[in-house]
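Worksheet: one structure, shown below.
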Protein chains: 4
Amino acid sequence: MARPKSEDKRRAILAAATQVVAEAGLGAPTARIAKLAGVAEGTLFTYFETKDDLLNALYLDIKDQMREALMSTYPSKGSVQKRLKHIWQQYVTWGAAHPHARRALAQLDVSGRLTPKTKAAGALGFGEFDVLLRESTANGTLRGHSPAFVTAILTALAETTMEFMIREPGHAERYSTSGFEALWGAVGAKNK
Amino acid sequence: MARPKSEDKRRAILAAATQVVAEAGLGAPTARIAKLAGVAEGTLFTYFETKDDLLNALYLDIKDQMREALMSTYPSKGSVQKRLKHIWQQYVTWGAAHPHARRALAQLDVSGRLTPKTKAAGALGFGEFDVLLRESTANGTLRGHSPAFVTAILTALAETTMEFMIREPGHAERYSTSGFEALWGAVGAKNK
Amino acid sequence: MARPKSEDKRRAILAAATQVVAEAGLGAPTARIAKLAGVAEGTLFTYFETKDDLLNALYLDIKDQMREALMSTYPSKGSVQKRLKHIWQQYVTWGAAHPHARRALAQLDVSGRLTPKTKAAGALGFGEFDVLLRESTANGTLRGHSPAFVTAILTALAETTMEFMIREPGHAERYSTSGFEALWGAVGAKNK
Amino acid sequence: MARPKSEDKRRAILAAATQVVAEAGLGAPTARIAKLAGVAEGTLFTYFETKDDLLNALYLDIKDQMREALMSTYPSKGSVQKRLKHIWQQYVTWGAAHPHARRALAQLDVSGRLTPKTKAAGALGFGEFDVLLRESTANGTLRGHSPAFVTAILTALAETTMEFMIREPGHAERYSTSGFEALWGAVGAKNK
DNA sequence: AATGAATGAGAATTCATTCAT
DNA sequence: AATGAATGAATTCTCATTCAT
């Protein structure tokens, strides 16, 4: 066989795309991405047929990284609050540490260039966390909200929190804590 | 002297831009905006020197509309919760009723094409609401968060809530209520 | 109104396209056509939306010129042979005088880039000549061939003749005469 | 020594090229030809150094097939008309049976990508037919036209005839006959 | 001021050809 | 020899902006 497609190159292109999209938006030239990735302009298209394909793959890739960060050390046991807190911690830590990924994700999310399939695949696979949500929302530990609404609130508050953590790194720790308190106040069972 | 610039045309362009940006993103051609506004391609540029100028003006314009919706009937008196709830109600009602404006705003917010000046001006001018925030965060009625953080949380939860209100119009009322409860749980003083 | 579209520019583009297509085939860059026409690359596309549109317009334009050359002095009276000879003379004279147009036409004809509509429109409008053909093929003056077949034969022999006229300009006259004799022998009523 | 080049592959590439060029013109990607031929993209270039080389080889190959069809059963004896008719029959039968080859040939002929050498080689080698032409044109049996002109007329009328045979297969036989009558009328000695 | 044609610098993508495997 | 990934110049078309009318 001839040279096989290189996983390294694929990763380099995705990494470059993350940065370039974060910095310059979805209008960023594929040429710039290719250059930053260290491949020829045409090579990008042997790995991703079109720019939209690249964008969709990028979305899934970032979601994968995020999922890995959130779920790999997820504790199956412990109170709802404890498990939720774990997710929260991992999430904001990851997000604050990967501003490019976060920003690219934000652009992609509102872009209208993701296929329904991509959106669906991106949402999937948070496994045990989904279980936690379904159970807790059902039995009232997380009020009576729907799991989707709770996830959306979690995401929204986490994004907000990360924003502040990045803006004021000195107070990152404090924001993370405040953020979680806000989340728990928002969705945790009403205290008597 | 020649004809003075027409305020009508300016408004038509902004309205068209709102819709086009909402539907097609920031990459949407100025020609499309001009056409929808019913003016010539070149005319757009006598009202806004560059596309970025238009985008910045659009951001401020939508923020203005939002402000008008939130603040025009703002009650100076009443409990913190009551006044906050008023803001909330106006906000999500406006947002659910103006999906184009909301979507355009979301695109603009993450675009990197707004000048710091525009961002600042957009945040300003919520007048009495700012006072409420500053006082309440100071005296503990709204926990100890900074006013900026509280505003960000409010915005984030409201956006999330609107999303669901638009997606499931039949349950709009319920989402609005749940959303406010979440907000109050998140930022209201800790119930003993 | 602003600058109106210029008929001169349209003609310049078509003329340039004729030459460039004749010389370099249908793969010829639009940039080269624009340059030869003395307009900017983008301008070409304000006159013809796509390259295919240009090609179709070019086909019709050349056909128009041809039609003009063949039919403008067409004699309504006279024998079938006389009228056919007139067409022949005009045709080969025009063709030998416009080698670029002829060559471009040949490329377009076999290209598969002409719409059925264009092909149909190009064939139309040879008016009185069509009448001549229909009548003469019906009454046997032109054997029993169908009008379409006779036209095709006429075209094929004319093309061949022009080829030789251009290749050996010194014998142009003689080829034209020989060509017509061949045509008349091919399609004229069988001599007793 | 490494594997010798395979004649099978060479033929597969030429066959694929015939079809692809017929269907998509000379602009057709070499990759598509290679794929249809069942070889790798790069392999095509070990058999033909450049695309133009392939195109020139293709032209000669199709001409060879044609020659084979026309000349293999050529009767050395018989009247001029009889021998000419044999050529005609073989020609239009072959052409109607190989539309791809015919169409590819037409594209190549007007393409400007054939070298003079190729054009010359393609015209050569019709052996005894050339003899027939030279003698008959000289002694007046085929009027006084030059052999080249007669060949061109033959080709032109045959192409036209084939077009109609393919378009209306039900009348193929009739067109073949009519076509030859036209040819004989065109070039046969003037009937007294 | 209003118009829309004109401009030309990109943009995404294609493709003949090369070359590592 | 065979493969197909890699290359980057070339291509068609778009679009913000300018400018003649």
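Since this is a predicted model, take the numbers as computed values, not measurements. Residue numbers begin at 1 in each chain, while the letters A, B, ... track the order of the sequences. The figures that follow rest on heavy atoms only: side chains count, while hydrogens, waters and symmetry mates do not.
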Over how many whole Å does the gap from D/Leu54 atom CG to E/dC15 atom C1' extend?
14 Å
Could you list the residues that satisfy side chain to side chain contact (heavy atoms under 4.5 Å, CB included) with C/Arg103, not counting sequence neighbours?
C/Ala22, C/Gln107
Side chains of D/Ile62 and D/Arg102, heavy atoms from C-beta outward: is any pair under 4.5 Å?
no
Find the distance D/Lys5:NZ to F/dT3:P and express it as a whole number of Å.
14 Å
Using a cut-off of strictly less than 4.0 Å, decide whether B/Thr46 has a side-chain nitrogen or oxygen near OP1 or OP2 of E/dA1.
no
Rounded to the Å, how far apart are A/Leu55 CG and E/dA12 P?
10 Å
Minimum side-chain heavy-atom gap C/Glu68-C/Gln65 below 4.5 Å
no
Can you identify which nucleotide, out of F/dG4, F/dA6, F/dT7, has its nearest atom closest to the A/Val39 side chain?
F/dT7
Side chain to side chain contact (heavy atoms under 4.5 Å, CB included) partners for A/Glu41, two or more places apart:
A/Ala31
Under 4.5 Å between any side-chain heavy atoms of A/Glu23 and A/His100, yes or no?
yes
What salt bridge (charged side-chain N to carboxylate O under 4.0 Å, His left out) pairs are there with at least one residue in residues 109-120 of chain D, not counting sequence neighbours?
D/Asp52-D/Arg113, D/Asp109-D/Lys119
Taken to the nearest whole Å, NZ/D/Lys35 to P/E/dC15 is 13 Å
Identify all pairs in which a protein N or O lies below 3.5 Å from an N or O of nucleotides 14-17 of chain F, and state each distance.
| residue | atom | partner | partner atom | Å |
| --- | --- | --- | --- | --- |
| F/dA16 | OP1 | B/Lys51 | NZ | 2.9 |
| F/dA16 | OP2 | B/Thr30 | N | 2.7 |
| F/dA16 | OP2 | B/Thr30 | OG1 | 2.7 |
| F/dT17 | OP2 | B/Lys51 | N | 2.8 |

Separation of E/dA5 C1' from C/Phe48 CZ (nearest whole Å)
15 Å
Mind calculating the distance between CG (D/Leu44) and P (E/dA16) to the nearest angstrom?
9 Å
Does atom CD (B/Glu7) have a neighbourhood of more than 12 heavy atoms from anything else shown, all under 6.0 Å?
yes
Side chain of C/Arg3 (C-beta onward), nearest among E/dA5, E/dA2, F/dT7
E/dA5
How long is the line joining CG of C/Asp53 and C1' of F/dC13, in whole Å?
12 Å
Figure out the CZ/P separation between D/Arg32 and E/dT14, and round it to whole Å.
12 Å
Exercise answer: donor-acceptor pairs, residues 8-16 of chain A side-chain atoms, under 3.5 Å, sequence neighbours excluded:
| residue | atom | partner | partner atom | Å |
| --- | --- | --- | --- | --- |
| A/Arg11 | NH1 | A/Asp61 | OD1 | 3.4 |
| A/Arg11 | NH2 | A/Asp61 | OD1 | 3.2 |
| A/Arg11 | NH2 | A/Asp61 | OD2 | 3.0 |

Under 4.0 Å between any heavy atoms, over every strand shown, what does D/Tyr47 touch: base, sugar-phosphate, or nothing? Just pick one.
sugar-phosphate
Nearest of F/dA1, E/dT7, F/dT7 to any side-chain atom of C/Thr43?
E/dT7
Could you write out DNA chain F as a dot-bracket string, with dots for unpaired bases, | for bases paired across to another strand, and Watson-Crick or G-U pairs counted at under 3.5 Å?
.||||||||||||||||||||
Is the shortest side-chain heavy-atom distance between D/Phe45 and D/Thr30 below 4.5 Å?
yes
